[in-house]
Amino acid sequence: MERDEREQVCYTREVALEKAIEMETKSFELYKKAYLQAKNRLARDLLRDLAYDELKHKHTLENAFFEETVTLHDSAFKEGPSMNLSLLLMEKPLEDDADDQDVMIHAIHDEKRAVDYYKKMAEQCGGAPMEEMFKRLYQDEEAHLVRLEELYETIYMKDM
């Protein structure tokens, strides 16, 4: 029987942590690559900061394997909701010759996937020990998405 994607799933603590670590590792690698490709100083600074945040998340999640509770830093960035630019901007693979706009669009889509994943996990793990961890990661990733979208709007949508 094929598994319905809408099926409610709350992974074991270990599997949930492994999946989250894998996501943070991929995000770090994306931001590192994007940082090296971006030419705009503001974009590079933001991409670097987001890469550092993903490393911090990964480190915290790795430590959680040996601890009963997971303590994540408070998100320093508490701005409004996402502008949903991922719905408006077409994503394409991040090629070696990508320009700054392509890099930003790719980062927005990657961050949106992380937001959706952690939100879904927080909802599906309601009442489980991992719920608070996933809520916190959801909030952090949502803040990253907002920062990326605001910078994208500042650079590429200023004449609209």
Side-chain angles (χ1 to χ4, degrees), residues 2-38 43-79 81-87 89 91-96 98 102-152:
E2 206 169 297
R3 201 165 147 177
D4 184 354
E5 279 188 38
R6 293 170 292 162
E7 181 181 346
Q8 294 276 325
V9 175
C10 183
Y11 298 112
T12 65
R13 182 175 185 278
E14 290 77 18
V15 171
L17 289 169
E18 287 173 11
K19 288 187 174 292
I21 289 166
E22 182 180 316
M23 179 174 286
E24 296 299 333
T25 300
K26 286 179 181 177
S27 291
F28 170 77
E29 291 300 324
L30 167 76
Y31 289 133
K32 184 172 75 170
K33 180 178 181 180
Y35 170 83
L36 293 171
Q37 287 183 247
R44 284 177 60 91
D45 288 350
L46 177 56
L47 293 165
R48 180 199 61 227
D49 291 349
L50 296 179
Y52 281 141
D53 282 352
E54 303 304 358
L55 283 177
K56 290 175 195 171
H57 288 164
K58 181 178 179 261
H59 180 74
T60 300
L61 291 163
E62 288 170 336
N63 283 337
F65 270 97
F66 306 104
E67 300 171 12
E68 288 298 312
T69 60
V70 178
T71 306
L72 294 170
H73 66 284
D74 284 335
S75 181
F77 191 80
K78 303 246 190 226
E79 287 301 315
S82 164
M83 293 181 263
N84 292 316
L85 289 183
S86 62
L87 298 175
L89 303 170
E91 182 182 21
K92 54 186 176 183
L94 190 57
E95 303 293 338
D96 290 337
D102 292 336
V103 167
M104 292 294 294
I105 291 170
H106 195 80
I108 286 169
H109 280 275
D110 187 68
E111 205 59 57
K112 176 67 169 124
R113 282 188 288 276
V115 166
D116 291 346
Y117 174 77
Y118 287 129
K119 181 179 182 183
K120 180 179 175 183
M121 291 308 297
E123 290 168 356
Q124 292 181 354
C125 294
M130 290 89 64
E131 178 185 13
E132 287 304 312
M133 174 185 72
F134 285 124
K135 279 184 181 178
R136 175 90 249 177
L137 290 166
Y138 162 71
Q139 292 167 349
D140 284 355
E141 300 298 349
E142 189 172 50
H144 292 174
L145 179 59
V146 168
R147 291 175 67 191
L148 283 164
E149 289 179 334
E150 286 179 350
L151 183 60
Y152 185 90

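Given the structure is predicted, the values throughout are model-derived calculations rather than measurements. Side chains included, hydrogens not; waters and symmetry mates left out as well; all remaining heavy atoms used. Throughout, residue positions are numbered sequentially from 1 according to the sequence presented.
- In this view, Y152 and Y156 satisfy the ring-ring contact (aromatic ring centres under 6.0 Å, His included) rule, not counting sequence neighbours.
- Residues that satisfy the side chain to side chain contact (heavy atoms under 4.5 Å, CB included) test with E22, not counting sequence neighbours, are K26.
- Contact check for E54 versus E141: side-chain heavy atoms found under the 4.5 Å cut-off.
- Distance check, rounded to the nearest 0.5 Å: NZ of K58 to CG of N63 gives 10.5 Å.
- The two residues A20 and F134 make their nearest non-hydrogen contact at CB-CE2, 4.5 Å.
- With rounding to the nearest 0.5 angstrom, the CG atom of L50 is 9.5 Å from the OG atom of S27.
- Partners of D49 under the side chain to side chain contact (heavy atoms under 4.5 Å, CB included) rule, at least two apart in sequence or in another chain, are R147.
- K33 is linked by a side chain to side chain contact (heavy atoms under 4.5 Å, CB included) to Q37, L94, D96, counting only residues two or more places apart in sequence or in another chain.
- Taking CE from M104 and NE2 from H109, the interatomic distance works out to 12.0 Å, rounded to the nearest 0.5 Å.
- Between H59 and L55, the closest side-chain pair of non-hydrogen atoms is not below 4.5 Å.
- Residues that satisfy the side chain to side chain donor-acceptor pair (under 3.5 Å) test with E18, not counting sequence neighbours, are absent from this structure.
- The minimum heavy-atom distance between V103 and A34, with the atom names listed, is CG1-CB, 3.2 Å.
- For the salt bridge (Lys or Arg N to Asp or Glu O under 4.0 Å) test, no residue two or more places apart in sequence or in another chain qualifies with K119.
- A distance of 5.5 Å separates CD1 in I108 from CD in E149, rounded to the nearest 0.5 Å.
- Residues D116 and K120 form no side-chain contact, since every pair of their non-hydrogen atoms from C-beta on lies 4.5 Å or further apart.
- Here the OH-OH distance, from Y138 to Y117, works out to 15.5 Å after rounding to the nearest 0.5 Å.
- When the salt bridge (Lys or Arg N to Asp or Glu O under 4.0 Å) test is applied to R48, the partners found at least two apart in sequence or on another chain are D45.
- Between H57 and H144, the ring-plane angle classifies as parallel under the 30° and 60° cut-offs.
- A side chain to side chain contact (heavy atoms under 4.5 Å, CB included) with Y118 is found for one member of R113, M23, K135 and no other, namely M23.
- D110 and H106 form no side-chain donor-acceptor contact under 3.5 Å, judged by distance and modelled atom types alone.
- Closest non-hydrogen pair, A107 versus L148, comes out as O-CD1, 3.7 Å.
- Summarising the geometry of I21 relative to E62, their closest heavy-atom pair is CD1-CG, 3.7 Å, with the distance given to 0.1 Å.
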**OP:** Report the C-alpha distance between M121 and L137 in whole Å, list the side-chain angles of each, state the deciding distance to 0.1 Å, and finish with yes or no for side-chain contact (heavy atoms from CB on, under 4.5 Å).
**Re:** CA-CA 10 Å; M121 291 308 297; L137 290 166; over 6 Å; no
